Amino acid sequence: MRIVLVGPPGAGKGTQAAFLAKNLSIPHISTGDLFRANISKQTELGKLAKSYMDKGELVPDEVTIAMAKDRMEQPDAEQGFLLDGFPRNVSQAEALDVTLQDESMNLDAVLDLEVPEDEVVKRIAGRRICRNDSAHVFHVTYKKPKQEGVCDACGGELYQRDDDSEETVRKRLEVYHTQTEPIIDYYKAQGLVVTISALGPVEEVTQRAMEALKREDDDK
Ligand code: ADP
Ligand code: AMP
C-alpha cells in the first residue's frame with residue numbers, strides 16, 4: 001500500500017507510523033526524520049534544513065521533493081510506503097502525483113489524524129526523542145521511557161527537539177493550517193481521505209487506523 005499520513009505537528013503521526021509500517025510491512029518515510037539525520041551528520045542539506053526548521057518554517061520544496069523522491073526510489077519502497085510529513089503543501093502533493101504517475105503508481109489512502117489543538121500542544125511539550133534515531137519517540141507522561149532520559153529501543157540519550165519550543169510550535173501550527181491543511185481538500189477531490197480521531201491510547205489509535213485503511217482497501 002502507498003499511504004500518506006497527515007495531521008498537525010504532535011498528532012502522533014510518527015508514533016502511529018512505526019506500528020502501521022510494521023503491520024503493513026512497508027517502510028516509514030518521514031521527511032522530518034530524514035532532515036534530522038542530515039543535521040546529525042552535518043551535511044549541507046542538514047545545515048540548510050536546520051535554518052528553516054528552527055524557525056518552524058517549511059524547508060524549500062525543491063530540496064524536500066528531491067530528498068523524498070530519492071528515498072521513495074530505494075528498493076525497500078518498491079511495494080509501498082507510508083509517508084509521514086510529506087507532502088506538506090499542495091505543490092509537494094502535485095509533485096508526488098507526477099512522480100507516482102511516471103511509475104504508473106498511485107496512492108491508496110491519505111490517513112488524516114484529527115486531534116484538538118490543546119492536546120497537540122500537550123503532546124509536543126512533553127515529547128522527547130532519541131539522539132541516535134529521531135524515530136524513537138517518547139513522552140514525559142504519556143509514553144515514559146523505562147529509565148528517565150534513556151531510549152528504551154537503543155539506550156540513546158533522549159532530548160527535546162529544538163523546534164518543540166513554545167514559540168516555534170505556534171509557528172508550526174500556523175504553517176500547518178495555512179499550507180498543509182489544503183492538501184486534505186486536494187486529496188478529498190481524489191476520494192483518498194480517511195479521517196480518524198487520534199485521541200486515546202496509542203494502541204487504540206493504531207487499531208482505528210488499521211480498520212480505516214482496511215475499509216478503504218476493501219472499497220477499491
Ligand atoms: P507527530 O509525528 O505527528 O509530530 P509524534 O508521533 O512525535 O507526533 O507524537 C507527539 C508526542 O505525542 C510524542 O511525545 C508521543 O509519544 C505522544 N503521543 C503520540 N500518540 C499519542 C497518544 N495516542 N496519546 C498520548 N500521547 C501520544
Ligand atoms: P516533523 O518532524 O514532521 O515535525 O518536521 C519537522 C520540520 O522539518 C518541519 O517543521 C519543517 O521545517 C521540516 N519538514 C519536514 N517535512 C517537510 C516537508 N515535507 N516540507 C518542508 N519542510 C519539511
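Treat the numbers as computed from the prediction; the structure is a model and nothing was measured. Both counts, for ligands and for their atoms, begin at 1 and track the order of listing.
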Report, in ascending order of atom number, the atoms of ligand 2 lying under 4.0 Å from any heavy atom of Asp163.
-> 6 (C)

Shortest protein heavy-atom distance from atom 11 (C) of ligand 2, along with the residue and atom involved | Glu57 O, 3.5 Å

Nearest to atom 2 (O) of ligand 1, what protein heavy atom do you find, and at what distance?
-> Gly14 N, 2.9 Å

Counting from 1 in the order shown, the ligand 2 atoms closer than 4.0 Å to a non-hydrogen atom of Arg36 are 2 (O), 6 (C)

Does a side-chain N-to-carboxylate-O contact under 4.0 Å join Lys122 and Asp118?
-> no

Is Arg161 near ligand 2, meaning one of its heavy atoms is under 4.0 Å from it?
-> yes

Quick one: nearest non-hydrogen protein atom to atom 13 (C) of ligand 2, plus distance?
-> Met53 CG, 3.7 Å

Would you mind telling me if ligand 2 is within reach of the side chain of Val59, the backbone, both or neither, using heavy atoms under 4.0 Å?
-> both

Can we say Lys55 and Asp163 salt-bridge, meaning some charged N sits less than 4.0 Å from an Asp/Glu carboxylate O?
-> no

Nearest non-hydrogen protein atom, atom 23 (C) of ligand 2 = Phe35 CE1, 3.7 Å

So, does Gly200 sit close enough to ligand 1 that a heavy atom of it is under 4.0 Å from the ligand?
-> yes

Is Glu167 salt-bridged to Lys171, going by a charged N under 4.0 Å from an acidic O?
-> no

Under 4.0 Å from one or more heavy atoms of Gln92, ligand 2 contributes atoms 18 (C), 19 (N), 20 (N), 21 (C)

List the closest protein heavy-atom neighbour of atom 16 (N) of ligand 2: residue, atom name, distance to the nearest 0.1 Å.
-> Thr31 OG1, 2.8 Å

Crowded around Glu73 CD? As in, over 12 foreign heavy atoms under 6.0 Å?
-> yes

Per-atom contacts of ligand 2 with Thr64, taking only distances under 4.0 Å to non-hydrogen atoms | 18 (C), 19 (N), 20 (N), 21 (C)

Within-shell test, Gly10 vs ligand 1, heavy atom, strictly < 4.0 Å = yes

Of all protein heavy atoms, the one nearest atom 14 (O) of ligand 1 is Phe138 O, 2.7 Å

Nearest 0.5 Å please: distance from the NZ atom of Lys143 over to the CZ atom of Arg123.
-> 12.5 Å

Of the protein's non-hydrogen atoms, which lies at the shortest distance from atom 5 (O) of ligand 2, and what is that distance?
-> Arg88 NH2, 3.4 Å

Is it true that Lys13 lies under 4.0 Å from ligand 2, counting heavy atoms only?
-> no

Among Glu119, Arg161, Arg127, whose heavy atom sits nearest atom 7 (O) of ligand 1?
-> Arg127

